[in-house]
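FYI, side chains are in, hydrogens and waters are out, and symmetry mates aren't considered; it's all heavy atoms of this structure.
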Amino acid sequence: MKNLNVMSPINDLGYGIAGKNICKSLDSLGYKVSLFPIGNPDFSSQEEADSLGPMLNNGSSFDADAPCLKIWHEFSMAERIGRGRLLGFPFFEINKFDEVRKHHLASCDDILVASKWAQQIIIDQVPSARCHVVPLGVDSELFSPSHNTDPQDKFVFFNCGKWEKRKGHDLLLLLFQQAFKNEPDVELWMMCDNPFLPPQETAKWTSAYSNDPRVRLIGRVQDQRQMVPILNQVNCGIFPSRAEGWNLEILELMSMGKHIIATDYSAHTEYCDDQNSMLVTPLKTEAAHDGVWFDGSAEWACLDGVEDQFISHLRDIYSKWKDGKQSSSQNTKGIETASKYSWEACAKNIKDILQ
């Protein structure tokens with residue numbers, strides 16, 4: 001058994017979900033994982049506590065010479081466990097780094113990224129780095145195609161991810177309302193609460209979206225298992241993101257056979273194609289600025305000029321449902337794609353790099 005030190009959040013946000021699943025998969029591959037949580041660990045079930053608890057206990061006798069895998073932001077790679085090889089695994093959305101980010105990334109022995117898009121940014125911005133593509137995964141047993149064949153009386157579009165301009169939330173409501181001016185049998189479900197978002201920021205977004213009675217605002221759930229019954233009722237995910245570090249929710253929806261509308265940019269390009277998604281290709285990039293998280297020093301996708309493409313996709317998939325066409329009932333290509341992106345495959349990639 002080989003020793004491995006892992007630093008990662010343990011919760012049900014993006015980094016935490018990745019950290020939990022990667023640790024469990026590395027353990028199943030025979031690694032003795034000593035887990036050092038970033039922040040307070042949050043176990044969503046007793047089963048999770050039973051599987052990850054021993055890894056936390058291993059920290060009291062960790063191997064100081066073992067490699068350290070740090071699943072965290074690219075601007076915070078300085079701290080590590082022990083004196084072994086450091087593998088940094090960040091999920092970033094920007095295409096340019098400031099000197100702090102470059103310095104922290106350059107301190108890693110290896111950098112793992114989730115997509116070839118991100119790898120190219122590392123090559124451009126930190127040319128001395130040794131960078132590997134390690135796609136993230138999805139639990140296909142949990143997020144499996146629904147066998148519910150009962151007819152639905154409403155078509156449901158779904159978006160998940162904390163309220164922010166990067167996610168396209170400044171545009172999504174307008175796209176929805178332009179695509180469906182008066183139709184009462186279509187809804188938009190927004191699951192965008194985030195504990196790190198300033199209350200005034202949350203209030204700004206929820207106030208705008210609450211003006212349309214066809215929009216349902218859904219609060220956070222305690223764990224991914226509670227996501228399943230919600231996603232079972234969804235027909236199509238809509239993600240007009242300007243940039244993504246990965247986007248776990250798209251693969252979860254694909255794994256359940258749900259249709260996807262998404263931007264053909266950033267990490268989406270790793271697993272979204274014209275067979276499993278309805279894509280919108282941005283015409284250019286623009287300064288990434290939202291006055292909250294991004295200051296304009298980097299770039300993201302510009303969505304000006306592609307609004308009609310989103311509206312067309314929204315109308316098209318809804319119309320197929322309205323016409324009762326069987327081809328619109330399940331995204332079979334999405335299921336095939338999601339089956340290739342398991343957490344086990346992610347862990348095996350990491351094992352190959354370690355060896």
Side-chain angles (χ1 to χ4, degrees), residues 3-59 62 66-82 84-93 104-105 108 110-115 118 132-139 142-143 160-162 194-196 220-225 227 244-249 251-252 267 341-351 353-354:
N3 297 326
L4 179 65
N5 302 316
V6 177
M7 302 176 69
S8 173
I10 300 296
N11 54 42
D12 276 292
L13 298 174
Y15 273 102
I17 291 171
K20 288 190 291 188
N21 284 286
I22 289 172
C23 282
K24 288 188 285 187
S25 295
L26 286 168
D27 177 76
S28 70
L29 291 178
Y31 280 94
K32 180 183 178 182
V33 175
S34 294
L35 176 57
F36 295 82
I38 298 174
N40 293 323
D42 182 10
F43 300 126
S44 57
S45 67
Q46 186 58 49
E47 178 187 358
E48 205 168 77
D50 291 341
S51 63
L52 294 171
M55 301 182 205
L56 290 172
N57 294 334
N58 289 341
F62 74 98
C68 176
L69 171 64
K70 187 170 187 178
I71 305 170
W72 194 228
H73 296 289
E74 73 281 1
F75 52 74
S76 184
M77 288 292 165
E79 304 89 352
R80 64 183 74 190
I81 300 300
R85 179 177 165 197
L86 174 62
L87 292 80
F89 200 168
F91 315 126
F92 51 85
E93 306 95 357
H104 276 250
L105 287 167
C108 300
D110 296 86
I111 300 172
L112 315 186
V113 292
S115 67
H132 316 265
V133 177
V134 180
L136 299 183
V138 61
D139 183 343
L142 179 61
F143 295 98
C160 186
K162 75 174 185 289
N194 187 290
F196 300 114
R220 289 185 66 220
V221 293
Q222 290 183 340
D223 58 51
Q224 286 196 295
R225 292 187 182 278
M227 285 283 289
E244 288 287 350
W246 182 250
N247 202 333
L248 289 166
E249 290 80 17
L251 271 183
E252 291 165 358
Y341 290 92
S342 67
W343 291 111
E344 292 77 14
C346 177
K348 285 178 181 177
N349 281 332
I350 296 172
K351 180 180 180 180
I353 293 164
L354 287 168

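With values rounded to the nearest 0.5 angstrom, Leu13 atom CG is found 5.5 Å from Asn194 atom CG. The CD atom of Glu74 sits 6.5 Å away from the CG atom of Leu105 when rounded to the nearest 0.5 Å. A distance of 4.5 Å separates CD in Glu344 from OG in Ser25, rounded to the nearest 0.5 Å. Atoms CG and CG, from Leu112 and Leu87 in turn, are 5.0 Å apart once rounded to the nearest 0.5 Å. Note: Glu244 CD to Phe91 CZ = 12.5 Å, rounded to the nearest 0.5 Å. Between atom SG of residue Cys68 and atom CD1 of residue Ile81 there is a gap of 6.0 Å, rounded to the nearest 0.5 Å.
Ring centers of Phe92 and Phe75: at least 6.0 Å apart, outside the cut-off.
Here the shortest heavy-atom pairing between Asp50 and Pro54 reads O-CD, 3.1 Å. Of all heavy-atom pairs between Ile71 and Gly19, the closest is CD1-CA, 3.9 Å. Contact record, Arg225 with Glu47: NH2-OE1, 3.6 Å, taken as the closest heavy-atom pair. Of all heavy-atom pairs between Pro135 and Trp246, the closest is CB-CH2, 3.8 Å. Across all their heavy atoms, Tyr15 and Phe89 have their closest contact at CE2-O, 4.1 Å. Closest non-hydrogen pair, Asp12 versus Asp223, comes out as OD2-CA, 3.6 Å.
Between Asn58 and Leu35 the shortest side-chain heavy-atom distance does not fall below 4.5 Å. Within the 4.5 Å cutoff, side-chain heavy atoms of Trp72 are placed close to those of Pro9. Under the 4.5 Å side-chain criterion, counting only non-hydrogen atoms from C-beta, Gln224 is not in contact with Asp139. Residues Ser34 and Asn57 are not in side-chain contact: their nearest non-hydrogen atoms beyond the backbone lie 4.5 Å or more apart. The shortest side-chain heavy-atom distance between Phe43 and Asn11 does not fall under the 4.5 Å cut-off.
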Step by step, would you call Asn3 with Phe62 a side-chain contact (heavy atoms from CB on, under 4.5 Å)? CA-CA 8 Å; Asn3 297 326; Phe62 74 98; over 6 Å; no
Can Asn21 and Val138 be said to form a side-chain contact (heavy atoms from CB on, under 4.5 Å), step by step? CA-CA 9 Å; Asn21 284 286; Val138 61; over 6 Å; no
Between Trp343 and Leu136, does a side-chain contact (heavy atoms from CB on, under 4.5 Å) hold up when you go through it step by step? CA-CA 7 Å; Trp343 291 111; Leu136 299 183; 4.0 Å; yes
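Looking at Ile17, Val33, Ile350, Val134 one by one, the single match for side chain to side chain contact (heavy atoms under 4.5 Å, CB included) with Ile22 turns out to be Ile350. Of the residues listed (Leu26, Ile353, Asp110), the one engaging Leu69 in a side chain to side chain contact (heavy atoms under 4.5 Å, CB included) is Leu26, and it is the only one.
A donor-acceptor pair under 3.5 Å is absent between the side-chain atoms of Ser76 and the main chain of His73, judged by distance alone. The backbone N or O of Glu79 lies less than 3.5 Å from a partner atom in the side chain of Lys70, making a donor-acceptor pair. A donor-acceptor contact shorter than 3.5 Å links the side chain of His104 to the backbone of Met77.
No more than 12 heavy atoms of other residues, nucleotides or ligands shown are found within 6.0 angstrom of CG on Asn40. Within 6.0 Å of NZ in Lys348 there are 12 or fewer heavy atoms belonging to other residues, nucleotides or ligands.
Asn349 and His132 form no side-chain donor-acceptor contact under 3.5 Å, judged by distance and modelled atom types alone.
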